[in-house]
Amino acid sequence: MAQQPESTISSTGQVFAAGGWLDAHFEMARPEYEAMARAAGFRPGWRVLDAGCGGGHYLLLLAEIVGPAGALAALDRAPEHIAAVRERVA
């Protein structure tokens, strides 16, 4: 495997999982990701787990879909991702 730039590696050693890289990737493909999330069939009132949530880009969209009667939980191995999620949803 080719050497990966440090800017793509998270604190857990996952390649292409660093916060800045994930943010840029999500923004580049936002229309496709949002269409995919909406097509997944989530419904108002559902409880949804975003496992491997990264920086939490899907959480605001998922919150909109499940509405106030729904609930979200987010998990990630990288502490910097959890910090980004807390900041994003604050």
Side-chain angles (χ1 to χ4, degrees):
M1 184 165 143
Q3 183 79 14
Q4 298 299 322
E6 285 294 315
S7 63
T8 66
I9 302 173
S10 74
S11 67
T12 60
Q14 296 296 109
V15 177
F16 300 122
W21 189 90
L22 284 177
D23 292 344
H25 179 76
F26 183 86
E27 288 306 321
M28 184 245 353
R30 179 183 285 275
E32 292 84 0
Y33 281 136
E34 287 187 358
M36 182 176 58
R38 291 188 187 284
F42 299 111
R43 299 283 181 245
W46 280 20
R47 294 169 30 191
V48 177
L49 169 63
D50 186 350
C53 65
H57 289 284
Y58 282 107
L59 294 175
L60 298 177
L61 176 61
L62 291 172
E64 177 186 318
I65 294 170
V66 300
L72 299 175
L75 298 173
D76 201 278
R77 291 181 58 205
E80 67 270 22
H81 291 172
I82 297 303
V85 167
R86 285 186 174 131
E87 186 176 313
R88 180 165 274 123
V89 299

Student: Using the rule side chain to side chain donor-acceptor pair (under 3.5 Å), only one of His25, Arg38, Glu27 pairs with Tyr33; which is it?
Tutor: His25
Student: Give a yes or no on whether the backbone of Val66 and the side-chain of Arg43 come within a donor-acceptor separation of less than 3.5 Å.
Tutor: no
Student: If you take all heavy atoms of Leu59 and Ala74, which pair is closest and at what distance?
Tutor: CD1-CB, 3.9 Å
Student: Same cluster for Leu61 and Leu49 if Ile/Leu/Val/Met/Phe/Trp/Tyr side chains link at under 4.5 Å?
Tutor: no
Student: Would you indicate whether Arg88, at its atom CZ, is surrounded by more than 12 heavy atoms from other residues, nucleotides or ligands within a distance under 6.0 Å?
Tutor: yes
Student: Measure the CZ-SG distance between Arg77 and Cys53 for me, rounded to the nearest 0.5 Å.
Tutor: 13.0 Å
Student: As a test of understanding, state which of Asp50, Val85, Ile82 forms a side-chain contact (heavy atoms from CB on, under 4.5 Å) with Asp76.
Tutor: Ile82
Student: State, to 0.1 Å, how close Phe42 and Ala37 come at their nearest heavy-atom pair, and which atoms those are.
Tutor: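 Closest approach of Phe42 to Ala37: CD1-O, 3.6 Å.
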Student: On the 0 to 90° scale, with breaks at 30° and 60°, tag the Phe26-His57 ring pair as parallel, tilted or perpendicular.
Tutor: parallel
